[in-house]
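Chain identifiers are assigned alphabetically (A, B, ...) following the order of the sequence lines, protein sequences preceding nucleic acid strands; residue numbering begins at 1 within each chain.
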Amino acid sequence: MLSIKNLHASIEGTPILRGINLEIKAGEVHAIMGPNGSGKSTLASVLAGREEYEVTDGEVIFNGKDLLEYSPEDRAREGVFLAFQYPVEIPGVSSTNFLRTAVNQVREYRGLDPLDAVKFLTLMKEKMKLVEIDQKLLSRSLNEGFSGGEKKRNEIFQMAMLEPKLSILDETDSGLDIDALKIVSNGVNQLKSKDNATIVVTHYQRLLDYIVPDYVHVLYKGRIVKSGTKELALELEEKGYDWIKEAVDSEATV
Amino acid sequence: MSKDNQILEDFTSKEYEHGWSVNYEADEAPIGLNEDIIQWISAKKEEPQWLLEWRLKAFRTWLTMEEPKWANVHYPKIDLQGLRYYSAPKQTKKPKNLDEVDPELLDIYKRLGINLNEQKRLQGIAVDAVLDSVSVATTFKDTLSKLGIVFCSFSEAVKEHPDLIKKYLGSVVPMTDNYYAALNSAVFSDGSFCYIPKGVRCPMELSTYFRINAANTGQFERTLIVAEDESYCSYLEGCTAPQRDENQLHAAVVEIYAGTHAEVKYSTVQNWFPGDKNGKGGIYNFVTKRGICAGDHSKISWTQVETGSAVTWKYPSCILKGDYSIGEFYSVAVTNNYQQADTGTKMIHIGKNTKSRIVSKGISAGKSQNSYRGQVQVMKRATNARNFSQCDSLLMGDRCGAHTFPYIDINNPTAKVEHEATTSKIGEDQIFYCNQRGIATEDAVALIVNGYAKEVLNQLPMEFAVEAQKLLALTLEGSVG
């Protein structure tokens with residue numbers, strides 16, 4: 001589904017990603033871990049098409065298409081979803097109104113008729129259950145005055161509504177208490193299918209207790225320096241990142 | 001230039017939709033401004049002697065006045081002698097009803113999306129269509145007259161309701177109020193007149209659509225709304241003008257009178273030609289609008305969506321004379337490219353327990369300058385006066401400006417006045433967030449801007465709110481790409 005080859009990206013001339021290689025198949029969950037500043041969020045942003053980042057080398061093929069050639073909105077319409085680490089507030093625009101615009105633009109791109117108000121609300125009611133989100137919250141201005149947990153739940157709710165093929169969860173666990181973490185993870189797990197894939201970007205192993213990855217990759221200094229299964233995450237939890245950093249840094253100085 | 005600005009740049013460079021003009025045979029005054037011209041206009045309109053004298057008095061006072069310089073707008077000196085003060089489509093005979101109006105003129109309005117044919121119109125809105133200096137048609141006159149409501153062009157009112165005109169003309173905005181009001185009093189050509197008798201609730205929206213067509217001509221309209229005790233009406237004004245290289249002057253006066261327990265809602269969707277993206281051409285919109293809540297428990301509410309004009313200078317105000325009277329001002333002012341707007345309101349609390357509310361939302365894009373200027377004045381005997389003001393500014397890009405000039409003048413210790421202000425930017429973050437959900441950038445900007453202006457748009461009558469939303473998106477189209 002997703003094939004990243006030798007991806008290099010920089011921001012304002014400073015290289016952040018220095019040759020990422022990653023293959024993801026439908027039905028898989030991949031966790032990207034790593035110390036602060038290793039490039040995890042940059043990778044998520046580059047895949048979603050954030051414009052501050054300049055791709056300097058490499059390629060990203062998504063379902064046979066050259067993803068980097070697409071605008072951010074077309075990537076979304078092709079089925080790439082990013083759950084933001086810091087969801088953005090839009091005053092005066094209700095979540096419902098926002099999502100209806102989004103869902104219908106995505107449908108239009110895919111050659112489907114727009115959903116009318118009744119069909120849209122029916123769909124919304126159904127998806128609301130997944131993340132136990134209150135309808136009252138959805139009639140409020142998007143993310144404005146939402147608690148940290150409410151924002152993250154709303155991200156997963158949007159993901160449910162848009163039914164992406166590839167979901168990238170960027171530090172979705174940050175700012176969540178244990179109950180909210182369970183609700184959010186539960187939502188993500190229910191959305192998993194053999195046809196879609198998930199990338200979980202996280203600093204801590206905690207989230208992976210709930211969203212169990214098939215593969216774990218450790219990112220350091222803009223490269224994937226170690227890959228493994230979920231046991232790798234447990235090892236990192238126990239030993240921290242230093243042993244990996246040391247291994248990589250000593251190799252570099254040799 | 002950063003990516004962010006490039007996006008904004010692209011989005012703000014959209015063409016003006018109503019920039020076309022038509023050639024019709026016109027009946028025009030000679031160019032220039034002097035007492036002869038004023039007599040010419042007055043004679044053309046077959047006005048009574050008292051009105052001619054009123055005009056001349058205004059003109060003589062105007063000659064002694066100076067153009068105001070305090071507004072935060074800059075433009076070259078206007079050559080008032082180089083303008084034409086009257087231009088009207090030539091009609092062989094005066095049309096008695098809509099069927100007799102020249103179809104070519106009706107077509108102009110059709111192109112603007114205003115169908116003057118009553119059968120085809122949405123029920124519930126009566127329209128007075130003003131083209132350059134004259135009213136070409138007024139719809140639903142008969143329906144309204146059965147209720148005793150007068151809705152007609154100003155010229156017609158002068159002939160048919162001279163007593164009302166004599167009583168109220170200049171009663172809210174004195175002819176010598178300011179430079180442009182005095183000029184308007186001297187040369188005004190047409191506009192609308194509404195009279196709602198005591199106890200009558202006007203069953204439909206009344207609206208006037210102003211269109212400037214002729215080149216090199218100033219439009220000086222005059223609107224007067226009188227709502228007698230316990231009456232209600234909602235009035236809407238729309239405006240467009242052709243795209244021309246030279247600037248055109250529009251100096252209107254609107255007066256509203258509200259009696260005891262009367263309520264008037266006045267909404268404006270102003271879309272005069274704003275000039276091209278290099279700042280060439282556009283309308284100078286210097287307007288005086290004022291209402292008086294003369295009776296106790298009366299209410300006047302101004303709502304404006306200002307998207308057009310090269311330079312706007314406009315402060316719809318309320319004089320809260322009656323006890324318990326209420327004044328409201330809701331405004332969205334959008335400026336793009338090289339537009340300049342200095343707009344706001346004055347709330348003058350004279351009566352006891354008077355209340356006012358000001359909600360101003362400025363949106364600046366391109367290289368435009370957008371200023372809010374508002375005054376809240378509480379007089380000595382205005383016990384328990386209340387005011388709440390909220391002034392928000394939204395900036396798009398980093399080459400535009402937003403300014404706020406609130407003036408507060410309190411002469412009674414029981415007054416309670418609150419002022420809140422915010423400034424924000426449409427962030428690349430917000431746009432990217434929308435993009436990431438599959439929403440195209442232009443739609444994202446429309447969504448964000450409409451969300452920002454929601455509190456004001458909600459005040460507009462339903463069908464105009466939809467229009468206004470589209471207009472906001474259109475005005476800013478190209479400012480983010």
Side-chain angles (χ1 to χ4, degrees), chain A residues 11-12 44-45 47-54 70-95 97-110 140-144 151 154-155 157-159 161-164 167-168 170, chain B residues 1-11 330 332 359 361 363 390 392-396 420 422-459 465-466 468-470 472-473 480-481:
Chain A
I11 184 162
E12 287 166 0
S45 295
L47 291 177
R50 200 167 196 127
E51 302 199 0
E52 303 92 286
Y53 296 95
E54 195 192 345
Y70 285 68
S71 67
E73 59 269 33
D74 282 346
R75 294 181 197 197
R77 294 162 182 175
E78 286 286 338
V80 175
F81 181 92
L82 173 64
F84 284 64
Q85 181 176 6
Y86 304 108
V88 178
E89 299 182 359
I90 305 184
V93 178
S94 68
S95 293
N97 187 12
F98 172 77
L99 259 179
R100 197 169 162 208
T101 310
V103 166
N104 282 335
Q105 292 209 358
V106 169
R107 287 180 67 89
E108 191 185 339
Y109 183 84
R110 296 179 185 168
R140 277 169 46 187
S141 290
L142 183 63
N143 290 325
E144 201 184 30
K151 282 184 183 171
N154 192 26
E155 291 292 289
F157 171 66
Q158 293 181 27
M159 177 174 141
M161 290 294 289
L162 292 164
E163 298 175 341
S167 302
I168 305 161
D170 188 8
Chain B
M1 200 182 352
S2 78
K3 203 92 186 180
D4 191 12
N5 286 331
Q6 182 58 49
I7 294 174
L8 291 164
E9 191 74 9
D10 296 345
F11 194 81
Y330 294 94
V332 178
V359 178
K361 304 266 181 180
I363 302 167
Q390 188 182 334
D392 298 333
S393 308
L394 184 70
L395 298 165
M396 298 172 76
E420 282 178 15
T422 66
T423 302
S424 52
K425 262 185 104 161
I426 285 201
E428 201 192 346
D429 281 356
Q430 285 176 320
I431 291 170
F432 179 67
Y433 189 76
C434 294
N435 286 159
Q436 214 302 306
R437 299 301 183 249
I439 301 173
T441 302
E442 279 189 359
D443 299 300
V445 172
L447 204 65
I448 295 164
V449 167
N450 280 314
Y452 168 77
K454 193 163 105 184
E455 201 180 342
V456 174
L457 298 178
N458 281 348
Q459 299 295 324
V466 176
Q469 276 191 16
K470 282 192 212 146
L472 280 188
V480 186

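Residue A/Val103: no heavy atom, backbone or side chain, is found under 4.5 Å from chain B. With a threshold of 4.5 angstrom between heavy atoms, A/Tyr86 does not approach chain B through any atom at all. When heavy atoms are compared at a cutoff of 4.5 Å, A/Ile90 approaches chain B by way of both its backbone and its side chain. Contacts between A/Arg75 and chain B at a heavy-atom distance below 4.5 Å are absent for every atom of the residue. Heavy atoms closer than 4.5 Å to chain B are found nowhere in A/Pro164, neither backbone nor side chain. Both the backbone and the side chain of B/Tyr433 come within less than 4.5 Å of a heavy atom of chain A.
Using a 4.5 Å heavy-atom threshold, the side chains of A/Thr101 and B/Leu447 count as touching. Proximity of B/Ile426 to B/Val449: side-chain heavy atoms (C-beta onward) are separated by under 4.5 Å at one or more points. For the pair A/Gln158 and A/Phe98, the minimum side-chain heavy-atom distance is below 4.5 Å. For the pair A/Glu89/A/Ser141, no side-chain contact is recorded, criterion being any heavy-atom separation below 4.5 Å from C-beta on.
With chain B as partner, the option from A/Val106, A/Asn104, A/Leu82 having the largest number of non-hydrogen pairs under 4.5 angstrom is A/Leu82. Ranked by heavy-atom pairs shorter than 4.5 Å toward chain B, the options A/Leu142, A/Leu99, A/Val93 are led by A/Val93.
The shortest heavy-atom contact between B/Phe432 and A/Gly49 is CE1-C, 3.7 Å.
In the model, B/Ser424 has no side-chain atom that pairs as donor or acceptor with a side-chain atom of B/Asp392 under 3.5 Å.
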